[in-house]
Amino acid sequence: MLLTQAPKGTQDVLPAQSYRWQKIESSMREICRLAGFREVRTPVFEHTELFLRGVGDTTDVVQKEMYTFLDKGGRSITLKPEGTAGAARAFLEAHLDAGALPCKMYYISCPVFRYEKPQSGRLREHHQLGIEVFGAKDASCDAEGIRLAMDQLEACGIGDLSLNINSIGCPACRGAYHEKLKQFLRPRLDRLCPTCRDRFERNPLRILDCKEPSCQAELSGAPEMLNCLCGDCADHFEKLKRYLDAMGISYKVDARIVRGLDYYTKTVFEIITQTEGGQLTVCGGGRYDGLVEQLGGPALPGFGFGMGVERILMVQDMRGLSAQEKPLYDLFVCTMGDEARLEGARLVRQARQAGIAADMDHAARSLKAQFKYAGKLGVPLVAVIAGDELAQGVVRLRDMTRGEEQLAPREAVVEKLRMDK
RNA sequence: GUGGGUGUAGUUCAGCGGUUAGAGCGCCAGGUUGUGGCCCUGGAAAUCAUGGGUUCAAAUCCCAUCACUCACCCCA
């Protein structure tokens with residue numbers, strides 16, 4: 001038994017897997033660059049208050065899932081449970097609202113913490129890719145963001161996804177809708193589950209999202225937010241649909257999507273995929289027109305999404321999409337004897353200077369073991385330097401796939417490798 | 001938070017009351033005193049998760065704890 005192990009719900013990204021992360025990250029970078037997004041990095045922890053105000057203190061995330069603690073100065077600190085609030089805080093703190101708007105930013109593999117019971121596709125620390133746009137109210141912005149998310153997922157080899165969209169209105173029309181919904185639910189209140197009864201006053205919209213069959217039964221015939229949107233919100237939603245059409249994105253309107261974070265207004269969306277175990281959400285987001293103001297800034301609209309890196313990897317695994325990593329080395333140098341090892345070290349050094357990934361044995365193993373090692377790593381070319389080669393000033397090169405060998409003059413080896421590459 | 005399942009070499013698992021706990025894969029070495037993959041031989045590696053209980057006897061039965069895992073809730 002090891003002294004200790006990784007905390008529950010965390011995962012190591014081991015050397016053999018990191019290339020997969022890097023691939024996902026580099027496609028995100030390129031896609032964002034083409035759309036004028038620049039990277040933002042915000043702290044892993046923030047003042048707890050930011051999330052209470054930003055994410056909302058009626059949400060499950062805030063109520064029961066945050067990693068909150070007092071630091072040595074007695075401040076309440078929280079490990080970020082999502083990416084948007086921190087980005088909005090940074091945006092305001094740096095007065096970016098005084099600069100060119102809209103301000104578009106993205107984050108890459110940002111760690112996110114939620115205290116939950118881990119299971120398939122759910123961790124206590126996971127990583128998100130995402131974007132935030134501040135100061136753009138038009139639906140074209142929403143569609144651009146969704147298009148970007150789809151492009152990224154396609155770049156990761158995941159094309160067969162479904163997009164569900166909804167509009168949950170603005171404070172004006174949502175308040176009216178809440179009243180309508182409560183009016184509808186009031187006579188059925190005692191037939192709802194305890195959680196829903198609790199939500200009735202605090203956050204009635206979330207009752208729609210309850211998975212309890214009995215609650216779902218009571219909800220049939222309930223008024224839909226979509227039918228109660230004010231003129232502005234209805235117009236925005238119609239525009240969004242037209243932009244999505246124009247960008248070649250197919251979607252389904254799902255009036256049941258409400259999202260778990262309070263800052264959303266108007267557009268909300270989820271990108272889901274079908275798995276053996278059911279549906280898996282790989283990306284979620286929407287518009288948050290009230291957030292910036294809520295945090296003490298000007299009344300600026302916003303839009304963003306978060307995408308789970310671990311879930312992308314999961315889907316890739318399920319579809320057998322994990323690409324092979326390139327061999328670690330282009331060249332492996334096998335040596336016998338102390339003099340030959342020195343010569344080998346020089347060769348490795350020169351190869352690396354010429355841009356050729358190379359290494360030699362560092363464990364002082366037998367020639368046979370060195371070959372075995374090179375074979376296991378899939379190195380395409382092995383150089384042998386032992387007594388004979390040393391005496392003749394040559395290097396023996398073995399093509400590991402064909403099994404053919406040839407001698408090359410010592411000085412010409414690196415140049416030859418560079419040409420072959 | 002609620003409810004299932006599982007903890008035995010690095011790993012996947014077998015053993016399910018009775019001597020000294022096994023196998024495949026992996027690892028190391030030898031067969032080949034200068035050559036990987038295939039083959040053969042040998043070797044290292046396990047306080048049978050932890051603590052308690054039942055028993056003449058526990059990896060095996062019971063209880064607790066911890067860990068892992070799956071589902072629900074929620075979410076990426």
Side-chain angles (χ1 to χ4, degrees), chain A residues 1-2 4-11 55 59-66 80-84 107 109-130 149 153 193-196 198-199 206 209-213 215 257-261 268-273 276-285 304-315 332-337 340 361 363 365-390 396-405:
Chain A
M1 181 73 107
L2 261 34
T4 182
Q5 49 191 315
K8 190 196 266 279
T10 65
Q11 262 179 8
V55 176
T59 60
D60 276 8
V61 168
V62 168
Q63 280 185 337
K64 46 184 211 190
E65 293 181 352
M66 293 208 301
K80 54 180 161 186
E82 56 90 57
T84 301
Y107 50 87
S109 295
C110 160
V112 168
F113 304 86
R114 289 180 206 165
Y115 190 86
E116 344 189 40
K117 220 162 169 183
Q119 59 189 264
S120 170
R122 211 178 66 198
L123 296 159
R124 285 186 174 176
E125 181 196 35
H126 76 277
H127 299 80
Q128 292 190 3
L129 312 169
L153 289 164
C193 72
T195 330
C196 286
D198 184 52
R199 285 169 176 161
R206 284 216 63 82
D209 205 30
C210 186
K211 306 296 188 293
E212 208 60 57
C215 293
I257 301 177
V258 299
R259 312 288 309 152
L261 312 174
V268 289
F269 75 96
E270 289 174 353
I271 302 174
I272 61 178
T273 183
E276 312 89 74
Q279 296 192 329
L280 184 76
T281 303
V282 292
C283 177
F305 69 72
M307 188 182 286
V309 179
E310 284 88 348
R311 287 195 178 172
I312 293 175
L313 291 165
M314 225 179 124
V315 176
F332 191 80
V333 180
C334 293
T335 56
M336 281 181 75
D361 169 65
R365 286 181 288 204
S366 70
L367 193 67
K368 179 176 173 169
Q370 294 179 46
F371 263 92
K372 212 170 165 180
Y373 177 73
K376 194 168 355 180
L377 292 184
V379 184
L381 190 68
V382 164
V384 181
I385 305 175
D388 293 352
E389 290 81 8
L390 213 52
R396 183 179 298 271
L397 292 174
R398 181 180 176 88
D399 181 319
M400 293 294 273
T401 46
R402 293 196 208 130
E404 290 164 4
E405 294 191 358

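Numbers restart at 1 for each chain; the letters A, B, ... are given by sequence-line order, proteins then strands. Since the model is a prediction, treat every value here as computed from it, not as a measurement. Just so it is clear, the values below take in all heavy atoms, side chains as well, and ignore hydrogens, waters and symmetry mates.
- As judged by a 4.0 angstrom heavy-atom cut-off over every strand, A:Ala374 is placed among residues making no nucleic acid contact.
- In this structure, the NE2 atom of A:His126 is 12 Å from the P atom of B:rC75, given to the nearest Å.
- Proximity note for A:Thr281 (side chain, C-beta onward) versus B:rA76, B:rG1, B:rU35: the nearest is B:rA76.
- Contact of the A:Arg124 side chain with the A:Phe113 side chain is not registered, since no non-hydrogen atoms from C-beta on lie closer than 4.5 Å.
- In this structure, A:Met314 places its CE atom 12 Å from C1' of B:rC70, rounding to the nearest Å.
- The closest side-chain heavy-atom distance from A:Val382 to A:Leu397 is not below 4.5 Å.
- When distances run from any side-chain atom of A:Glu65 to the nucleotides B:rC27, B:rG1, B:rC74, the shortest one goes to B:rC74.
- Taking the side chain as every heavy atom from C-beta outward, A:Ile312 and A:Met307 approach each other to under 4.5 Å.
- No engagement by A:Gly130 is indicated, since no non-hydrogen atom pair under 4.0 Å with the nucleic acid exists.
- The residue A:Leu123 sits close to a base: some heavy atom pair falls under 4.0 Å.
- Atom NZ in A:Lys368 sits about 9 Å away from atom P in B:rU33, given to the nearest Å.
- A:Arg259 comes within 4.0 angstrom of the backbone, heavy atoms only, and of no base.
- Summarising the geometry, the separation between CG on A:Leu280 and C1' on B:rA76 is reported as 8 Å, rounded to the nearest angstrom.
- The distance between atom NZ of A:Lys117 and atom P of B:rC72, rounded to the nearest whole Å, is 13 Å.
- Separating the C1' atom of B:rU60 from that of B:rU54 is a span of 13 Å, rounded to the nearest Å.
- Out of B:rA76, B:rU35, B:rA29, the shortest distance to the side chain of A:Ala369 is found at B:rA29.
- Here, B:rU35 and B:rC16 have their C1' atoms 48 Å apart, quoted to the whole Å.
- A:Arg114 contributes a side-chain N or O that, together with a main-chain N or O of A:Pro81, makes up a donor-acceptor pair within less than 3.5 Å.
- At the heavy-atom level, A:Met400 lies under 4.0 Å from base atoms of the strands shown.
- Comparing B:rC27, B:rG34, B:rC74 by their closest approach to the side chain of A:Lys376 singles out B:rC27.
- The separation between A:Asp361 atom CG and B:rC28 atom P is 11 Å, rounded to whole Å.
- The base of B:rG34 sits within donor-acceptor range of the side chain of A:Glu389, with an N or O pair under 3.5 Å.
- Taking atom C1' in both B:rA71 and B:rA14, one finds a spacing of 28 Å when rounded to whole Å.
- Pairing for B:rG22 goes to B:rC13, judged as Watson-Crick or G-U wobble with the two contacts each under 3.5 Å.
- Inter-residue side-chain proximity for A:Ile271 and A:Thr281 is flagged as unmet; no heavy-atom pair is nearer than 4.5 Å.
- Each of A:Cys283 and A:Glu404 was assigned the nucleotide of RNA chain B with the nearest heavy atom; the assignment lying further toward the 5' end belongs to A:Glu404.
- Separating the CZ atom of A:Phe332 from the P atom of B:rG37 is a distance of 15 Å, rounded to the nearest angstrom.
- Comparing B:rU35, B:rA76, B:rG3 by their closest approach to the side chain of A:Glu405 singles out B:rU35.
- Base pairing of B:rA59: no nucleotide in any strand meets the Watson-Crick or G-U wobble criterion (both distances under 3.5 Å).
- Comparing atom distances between the A:Gln119 side chain and each of B:rA76, B:rU35, B:rC70 picks out B:rC70 as nearest.
- The side chain of A:Glu116 sits closest to B:rA76 out of B:rC28, B:rG34, B:rA76.
- As judged by a 4.0 angstrom heavy-atom cut-off over every strand, A:Lys372 is placed among residues touching the sugar-phosphate backbone only.
- For A:Arg365 and A:Tyr373, the positive end sits near the middle of the six-membered ring, less than 6.0 Å away and at most 45° from its axis.
- Residue contacts shown for A:Val379 are absent, as no nucleic acid heavy atom lies under 4.0 Å away.
- In terms of position on RNA chain B, the residue among A:Ser366 and A:Pro118 whose nearest nucleotide sits closer to the 5' end is A:Ser366.
- Across all strands shown, the partner of B:rU2 is B:rA71, judged by Watson-Crick or G-U wobble contacts whose two distances both fall under 3.5 Å.
- Residue A:Gln63 is out of contact with every strand shown, counting any heavy-atom pair closer than 4.0 Å.
- Taking atom NZ of A:Lys80 as the reference point, atom C1' of B:rA76 lies 15 Å away to the nearest angstrom.
- OP1 or OP2 of B:rC68 lies within a sub-4.0 Å distance of a side-chain N or O belonging to A:Lys8.
- With a 3.5 Å ceiling on both atom-pair distances, B:rG36 lacks any Watson-Crick or G-U wobble partner.
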field: Derivation and outcome, side-chain contact (heavy atoms from CB on, under 4.5 Å), residues A:Arg311 and A:Leu280
entry: CA-CA 8 Å; A:Arg311 287 195 178 172; A:Leu280 184 76; 3.8 Å; yes
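- Applying the Watson-Crick and G-U wobble criteria (two distances, each under 3.5 Å), B:rA29 pairs with B:rU41.
- Here B:rU65 sits opposite B:rA49 as a Watson-Crick or G-U wobble pair (both hydrogen-bonding atom distances under 3.5 Å).
- Ring-centre distance between A:Phe371 and A:Phe332: not below the 6.0 Å cut-off.
- Side-chain proximity of A:Arg311 to the nucleotides B:rA76, B:rU35, B:rA71 is greatest for B:rA76.
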